[in-house]
Amino acid sequence: MISKTYSPQEIEDKWYAYWMEHRYFSSQPNPDKEPYTIVIPPPNVTGVLHMGHMLNNTIQDILVRKARMEGKEACWVPGTDHASIATEAKVVAMLKEKGINKKDLSREEFITYCWEWTHKYGGIILQQLRKLGASCDWDRTRFTMEPSLYDAVIEVFIDLYEKGDIYRGHRMVNWDPQARTTLSDEEVIAKEVNQKLVYLKYPLVDSESEALTIATTRPETIMADVAICVNPADERYQHLVGQQVLIPLINRAIPIIADEYVEMEFGTGCLKVTPAHDTNDYELGKKHNLPIIDLLNEDGTLNEKAQILVGEDRFVARKKILKLLEEAGNLEKVEEYKSNVGHSERTNAVVEPRLSEQWFLRMERLGKPALDNVLNDTVQLIPPKFKNTYRHWMENIRDWNISRQLWWGHRIPAYYLQDGTVIVARSKREALRKAQHEYQLFALTEEDIRQDDDVLDTWFSSWLWPISVFNGIKEPDNDDIKYYYPTNDLVTAPEILFFWVMRMIVAGYEYRGTYPFKNVYLTGIVRDKLGRKMSKSLGNSPDPLILIEQYGADGVRTGMLFSSPAGNDLPFDEKLVEQGRNFCNKIWNAFRLVKGWEVSAQVPQPGSSQQAVAWFESRLNLALTEVLDLFTKFRISDALNAVYKLIWDDFCSNYLEMIKPGYEQPIDPGTYEATLDFFDRLMRLTHPFMPFITEEIWQNIRERGTSESVCVADYPRPGSIDSTLLGQFEVLAEVVSAIRNLRNTKGLSPKLELPLAIKTDAPEQYQPLEGLLRKLANVAALEYVSEQVEGMSFLVRSDEFFINLAGEIDVEAERENLQKELEYTEGFLNSVMKKLSNERFVQNAKGDVVEKERQKQADAEAKIATIREALARLG
RNA sequence: GGGUUCUUAGCUCAGCUGGUUCAGAGCACCUGCCUUACAAGCAGGGGGUCGGGGGUUCGAAUCCCUCAGGACCCA
C-alpha cells in the first residue's frame, strides 16, 4: 500500500544518488547537439545557503533541466568565489579566537589558514545545492582561486597593463579601517545616521577678537584643515577672503579662500577644507593648490600629524575634541543633523575617504561594447526595466579601483625595483629578466625586487567567470570554450548587476569578442513579511535546509517560485512553501488513485471516458503551448502556475473524476493506458520545477529500464487542440457547477440523484456529454424539453435547466435570482448597444471587434428572452 | 536635489502594443462536507468605483499630464 501522504525525505536522496550515478548532469561538447550553458553565480566559499540562493538556483535548475529534456547539451557549471574581504574577515576572526593576531603571521602562514578554512567550509554550500536538487555538472566545479583560474586573472592583468588600460595612481579611495583595505564604491552602503553638526569658531589672525564660524560633523579632523572656503558671492565674507584664521587648539594659520563649490545656505556658509579626509575637499584642494595633511592611521586612529589626541580612535577623538573645544571657548553650538554616511558592506565600519596608492582599470574604452550591446538588446536584461539604470551607470562610469590591501586573493603581479620602477610580470623570475633586459640592470638579483603586497578586487576574478571556468583565457581555442561560450542565461540578483554582470559583459567583449550570456534573468530579493531583506544579522531568514526537511525540496522550490516574477521582490511566507508541499501531496494522491485501479479487459470503454480522454488531450496541449510560451518570456512563475492549475484543476478535479470507475470497479484498458500516458507527460512537463517527486512517480508509472530517468526523457511537445471540444467542456463545467451550487444552497446531499430537464434549441450540444453530466453532477434522469417544466431552474448561457424535486422550489428566491440576472444582462446589453449605436465606434473600431459586439448582442438578447419566459412561468 | 520604478480584493501579485461578461489568480476568509486518492482534502460563496484629480479617445486598469504615497539607484 502506498503511503497516504508524500514523504519527500525518503526519496530525495535516493534519486539524487541515482542521477549522479548515471551522470545525467555531466556534459561534454557534442557537435550533434545544441549547447545550453549556465554558469552559476559563484557563492562565497564562506557562505551557507540562504533564501536568495534557493530562489536563484531553483530558477537556474528549472532552465537547465528543461533544456536537457529538450535534447540540448545542457551544462550548468557550479563553483565558488574566494571573496577576499569576507573570507579574510572570517579567518581573522577565527584566528583571533585562537589567540592569533594576523599581524604576527607571515603572508604565507596566513594564506595557509585561508586555504584550510576554504577546504573546511568551501564545499558546504555546494553540498546544500544538491539537497535542493540542483543539476549542476559537479565534475566542472570551479573555484576562483584554483590554479587555472588564478593564472587567468594574472594573464588578464598583464594584458590590460600592457595595453595601457591599467595604471597606478594616487587617489582618494574608500577605506575600511576595520578590514584595513580599500573598498569599491559598490561595497560602500550609504546609511542615514544621526550626527552632530558642530559650529566652531576660528579666530582671525589679524584681529583676534573676530572669528569665522564653520559647521562640521567631523571636528576631529580640524587639525588637518588647510583652508576655510566661502562662496565668492557671499557678501558676509567677501571682505575676509585672502586673510587667515587660526585652527582652534593647535593655532595653525590657514587661508580663507573663495570657491563657488561652497553652498551659502548650508551651515554658516564657511567650509573647512580638509583634502585628506573628504573627497570633495580633495578636489577643492587640488584646484587651489593646497597642501594635504593626513592625520589618520590605517586603523582609523589619529597619527602624530594631528598633534593632539594622537593614538585615539577617530570616534573617541570626535567626542574628546568637543570637550577641548568647549573648554577653549571655540565651540559655538551643536545641532542634531541627519546625513548619509558610507558603511562597509562587509564589516559595517564607517568608511573613511583616504588617499592612497592604488591600481586602476580605465573603463571608458572597455565599457563601450558593454553599454551598446545591452542597449541594443544583444544582451537582454529580464525584466527590461533595468536597462535604464544600467545605461545611467555606464554613462557615468569611473575607473575601477582593482587593488585591495588584503592577502587572500590574486596577488597583483607588479614588482618594484628599489628605485620604485614598476615591472609587471608573471613571476619574480620573469620580472627580474625584464628588469635586466629593459633597464640593462644585469647585476640585479631576485632579492632586489619586491612584489606588490596587494591583491586584486574579487570582482576582478569573477568578471572572467564565464570564460575562465572553460579555461578560455589561457587556451582561447580549447573545445570547451568554443562549444559552451557564449553561455545562454545568467540568473542573478539585481544588486550585483553593476558589480558583476556589467563587468562580465566587459570582459566577454574584450577577451572573446562577444557577450558572455544572451539573457540576464534578474531575480527579486527575498524579503520577510515586514519587507525587510532576509539576512543573517537580522535573523529573519528561515534555514533553507530545515525548510527542505519539513516540506521537501520540491515543495520549497515551488513555494519560492509561486510568487516571484522576474525582478520583483519576493515577500517570503512559509505559507507558500506549504502550498508547494500540498501540491506534491496532491500529485502523490492522484498517482495513488491511478495505481490502485484494477484493469479489466472485459470492461468496455464508456463513452464518457472516451470524451474525457479526448478533452484532456486538448486541454493538455493547450497548457503545453502556454507553458512553452511563458518559458520563452522567462515567466517562470507563471509557467509553474499554469502547470499547477493543469494538474490540480483539470487533471485531478476534472479528468480523474470523469474517468474514475465506481468503488471497487475495474477500469477499462483504453482509459487506463491513456491516463498513464497523461501522467507520464504531466510528470515530464513538471519535472524541471519538481525534480524529485516527478522522478519517483515517473519511474513507477510504467516499467523503466535501468538507466532511464525523467531527467533525460523528452520534454512534452504540444499536439493538436480541439477548441470546439474545449468549448463544450466549458459549458459542461458550468452546468455541473450550477447543479452543485443548487445542492449546496438547498442542502441536498451529493449522493441524492437528481432528475434534470434541459430546455434548449440545440440538444446535440449536450447529448455527447450526457454520460459525464450524470457522473459529475449525479444526475439520474435526463430529458430535453421545448417548454418549461416544473422544478428549480437555472440558466447556463441561454439555455434553461430544471430539476424537478417536489417541495424544493422556493418561488420567491428563484424569482429574485432571475430578476438579478435579468438586470445584469440588460445592463450588459445596454452597454453593448451603446457601442453599436455609436457611429464612430462602428466606423473606427476594427471589424472583428464590431463583430464580437454584435455576437454579444445576440447572446444577450437570447438570454433575456429565456429569463423573461422563466419569470412569466413563476407568475 | 537628479534618475528609475511602483500604487489593482484582507495579503502577494497577473493583466502585452487601449476593444470578448475585463476587473483576474493564489493565499486568507465564510458556508457545507471525515463522499471509498488526497482534511496537506472536496463542493460552493462573498470581496476591488484598478492611489486621487484632470485629459486624449467612439471606448482607459491600460496612453498623456498632475498631485499624494512607497521602493531603488545616484549626488
Side-chain angles (χ1 to χ4, degrees), chain A residues 2-6 185-186 190 279-280 340 383 385-393 395-396 494-495 497-498 524-525 527 529 531 551-552 555 562-565 567-573 575-576 578-597 633 635 637-638 640-642 644-645 648-649 652-653 656-657 660-665 736-751 776-778 797 824-825 827-829 831-832 834-846 848-853 855-856 859-860 863:
Chain A
I2 314 172
S3 143
K4 213 171 161 177
T5 48
Y6 170 63
D185 290 344
E186 292 76 31
T279 317
N280 296 314
N340 284 326
K385 67 177 179 186
F386 287 104
K387 265 170 83 173
N388 278 330
T389 318
Y390 185 88
R391 183 182 59 209
H392 190 252
W393 282 333
E395 286 173 348
N396 296 287
E495 349 171 59
L497 183 56
F498 188 64
I525 296 165
R527 297 180 181 279
K529 281 181 200 165
Y551 296 98
F562 270 131
S563 181
S564 63
N568 275 17
D569 286 359
L570 167 65
F572 182 77
D573 188 333
K575 280 267 178 215
L576 293 169
E578 202 179 307
Q579 199 187 338
R581 179 201 58 184
N582 294 354
F583 185 37
C584 288
N585 210 42
K586 186 70 188 178
I587 297 173
W588 185 251
N589 276 294
F591 176 63
R592 234 161 48 91
L593 172 68
V594 173
K595 278 317 255 193
W597 286 333
K633 295 170 182 154
R635 302 188 60 144
S637 179
D638 290 343
L640 171 64
N641 260 303
Y644 181 85
K645 282 187 200 164
W648 200 305
D649 298 344
C652 294
S653 297
L656 290 179
E657 291 301 330
K660 197 167 161 180
Y663 182 52
E664 291 191 334
Q665 300 282 309
V736 169
S737 168
I739 295 174
R740 286 173 176 170
N741 187 11
L742 212 64
R743 284 186 195 274
N744 244 309
T745 50
K746 304 286 185 212
L748 302 175
S749 159
K751 288 175 183 163
L776 298 178
N778 197 16
R797 312 276 161 117
Y824 176 82
T825 314
F828 174 69
L829 177 63
S831 77
V832 173
K834 232 195 221 159
K835 284 188 198 174
L836 285 170
S837 60
N838 185 330
E839 244 176 69
R840 283 189 286 183
F841 170 73
V842 180
Q843 278 171 6
N844 295 333
K846 283 187 210 149
D848 59 326
V849 172
V850 178
E851 199 36 58
K852 277 176 190 164
E853 292 301 316
Q855 187 57 50
K856 283 196 253 175
D859 290 349
K863 189 161 188 174

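Convention: sequence-line order gives letters A, B, ...; per-chain numbering from 1.
Checking D859(A) against Q855(A) by side-chain atom types alone, a donor-acceptor pair falls below 3.5 Å.
In RNA chain B, runs of at least 3 consecutive Watson-Crick or G-U pairs, each pair with both distances below 3.5 Å, span B:1-7 with B:68-74, B:10-13 with B:24-27, B:29-33 with B:41-45, B:51-55 with B:63-67.
Within 4.0 Å (heavy atoms only), K660(A) reaches at least one base atom of the nucleic acid. Among the heavy atoms of the strands lying under 4.0 Å from N741(A) are primed sugar atoms or P, OP1, OP2 only; no base atom is included. Among the heavy atoms of the strands, none lies under 4.0 Å from C584(A).
In this structure, the side chain of T5(A) does not engage the main chain of N585(A) through any donor-acceptor pair within 3.5 Å.
Close placement of the Y644(A) and F562(A) rings is indicated, their centers lying within 6.0 Å of each other.
Rounded to whole Å, the distance from CG on L656(A) to P on C42(B) is 12 Å. One atom, CD of E657(A), and another, P of C38(B), lie 11 Å apart when rounded to the nearest Å. Rounding to whole angstrom units, CZ of residue R592(A) and P of G41(B) are separated by 14 Å.
Between C652(A) and K586(A), the shortest heavy-atom distance links the atoms CB-CE, 3.6 Å.
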Whether each nucleotide of nucleotides 24-34 of chain B has a protein heavy atom under 4.0 Å at its base (B), only at its sugar-phosphate (S) or at neither (-) is summarised, 5' to 3', as -SSSS------

Expected string for nucleotides 6-12 of chain B under the B/S/- scheme (protein heavy atoms, under 4.0 Å, primed atoms plus P, OP1, OP2 as sugar-phosphate) is ------S

